[in-house]
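These values consider heavy atoms only, across backbone and side chains, with no hydrogens, waters or symmetry-generated copies. Proteins come first, then strands; the chains are lettered A, B, ... in the order of their sequence lines, and each starts at number 1.
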There are 2 protein chains.
Amino acid sequence: MQLTRSVKHDPKQRLDEIIVKLRELNFRITPQRVAILRIFLNSQDHPSVEQVYAQVKADFPSTSLATVYKTVNLLKEVGEILEISFAGGGNRYDGIKPYPHPHLICTTCNKIMDSEIGLVDQIANELEQTSGYRIVSHQIEFFGTCPACQKK
Amino acid sequence: MQLTRSVKHDPKQRLDEIIVKLRELNFRITPQRVAILRIFLNSQDHPSVEQVYAQVKADFPSTSLATVYKTVNLLKEVGEILEISFAGGGNRYDGIKPYPHPHLICTTCNKIMDSEIGLVDQIANELEQTSGYRIVSHQIEFFGTCPACQKK
DNA sequence: TCTTTATAGATAATAATTGTCAACAATCGA
DNA sequence: TCGATTGTTGACAATTATTATCTATAAAGA
């Protein structure tokens, strides 16, 4: 099992690639979709649907929240954004590394930080052997306090 | 950081211990709370609030869903049940091993299986060093298909 | 340009959970 | 054991996050 994959992050190139992909899958390229996609490709901070909504509305005031949700689901389904879900509030999304990877989540300010752990694939393989499950994905979140919040 | 702790599982003894603990914390011991606690201490299968509700109602038909939610929150706060939350449906709970530990979740039948990974504490320690976060908890879930569902 | 049909936007509906509050009952002290 | 105190229950309203519905619109291909 190989869960992770490498995606070089060049927002402009990825935007073009994703547009081609969506077109191939017979989805239409609307200005709203492009705007939302751009936001994801340029956000380092794992935005929520509500945050994306606020940003799209800045340039595109008529956009509906429902459209953001639909686009988020679409991008999730084609594998171009990753959903991060945990108790307490809405889901968060990662459009830069859209494959499962561990996160460090600050329970004070809600900041989410990426972290790569090389061992994940090995652990998943071991678990497959011992449990008989066929593992296809994972969700690994560590909760605590970020350096900035520790100082307060 | 030591996230895991060992809790021997003797439902009767734990019931008594938790009751003493709740009393010490000035919470009242009501029949509803005892009934719900018993259910958690005897469920191997990570029940949802709705499932617990159905079970309590069997012996105690007047119980309200709100009471189940309130009791779940209480038990969560005093650290005697673990909340397992992931996208798609309601939270699930573990009253047998109420400390963070990895799970294998079948995306077909929703069965949740426990799994111990010795490496978790080491990984958390490493992440603390490299990130500066102070880690206090984690949530590690692997998703896939359980052996039974693979056969279908 | 015209036609087809997926999509956007508005809003209703749903699901899970939390808040409110009066009646009740667990606990403690006399 | 009884009575007073106050935390808890149960019923239900409210909230939050998300999805479904439906009509007008606009993207894409002929």
- Ignoring hydrogens and angles, answer whether the base of D/dT6 and the side-chain atoms of B/Arg28 contain a donor-acceptor pair closer than 3.5 Å. yes
- Message: Could you check whether the side chain of B/Lys70 and the base of D/dG7 have a donor-acceptor pair of N or O atoms closer than 3.5 Å, going by distance alone?
- Response: no
According to a strict under-4.0 Å criterion, is [X] in side-chain N/O contact with OP1 or OP2 of [N]?
X	N	value
B/Asn91	C/dA16	no
B/Arg33	D/dG7	no
B/Ser62	D/dG10	yes
A/Gln32	C/dG9	yes
A/Thr30	C/dT7	no
A/Tyr69	D/dT19	no

- Message: Has B/Arg23 got a side-chain atom pairing as donor or acceptor with B/Ile18's backbone, closer than 3.5 angstrom?
- Response: no
Atom [atom1] of [X] to atom [atom2] of [N]: distance rounded to whole Å?
X	N	atom1	atom2	value
B/Ile29	C/dC28	CD1	C1'	15 Å
B/Leu65	D/dA11	CG	C1'	11 Å
A/Phe86	C/dA16	CZ	P	20 Å
A/Phe27	D/dA26	CZ	P	21 Å
B/Leu25	C/dT27	CG	P	14 Å
B/Ile19	C/dT27	CD1	P	10 Å

- Message: For a quick check of understanding: with a heavy-atom distance under 4.0 Å over all strands, which category does A/Pro31 fall into, base, sugar-phosphate or nothing?
- Response: sugar-phosphate
- May I ask you to check whether over 12 heavy atoms, not counting those of B/Glu17, lie within 6.0 Å of atom CD? yes
- For residues B/Arg92 and B/Asn110, report the shortest heavy-atom separation together with the two atoms involved. NH1-O, 3.0 Å
- Query: Which is it for A/Arg38 and A/Leu15 under the side-chain contact (heavy atoms from CB on, under 4.5 Å) test, yes or no, and what are the steps along the way?
  - Reply: CA-CA 7 Å; A/Arg38 265 187 221 284; A/Leu15 181 65; 3.4 Å; yes
- Task: To the nearest 0.5 Å, tell me how far A/Ile39 CD1 sits from A/Gln51 CD.
- Result: 11.0 Å
- Item | Selection from D/dA28, D/dG10, C/dT17 that lies nearest to any side-chain heavy atom of B/Ser64 | D/dG10
- Message: Here's a test of your reading of the structure: between B/Asn26 and B/Ala66, which maps to the more 5' nucleotide of DNA chain D?
- Response: B/Asn26
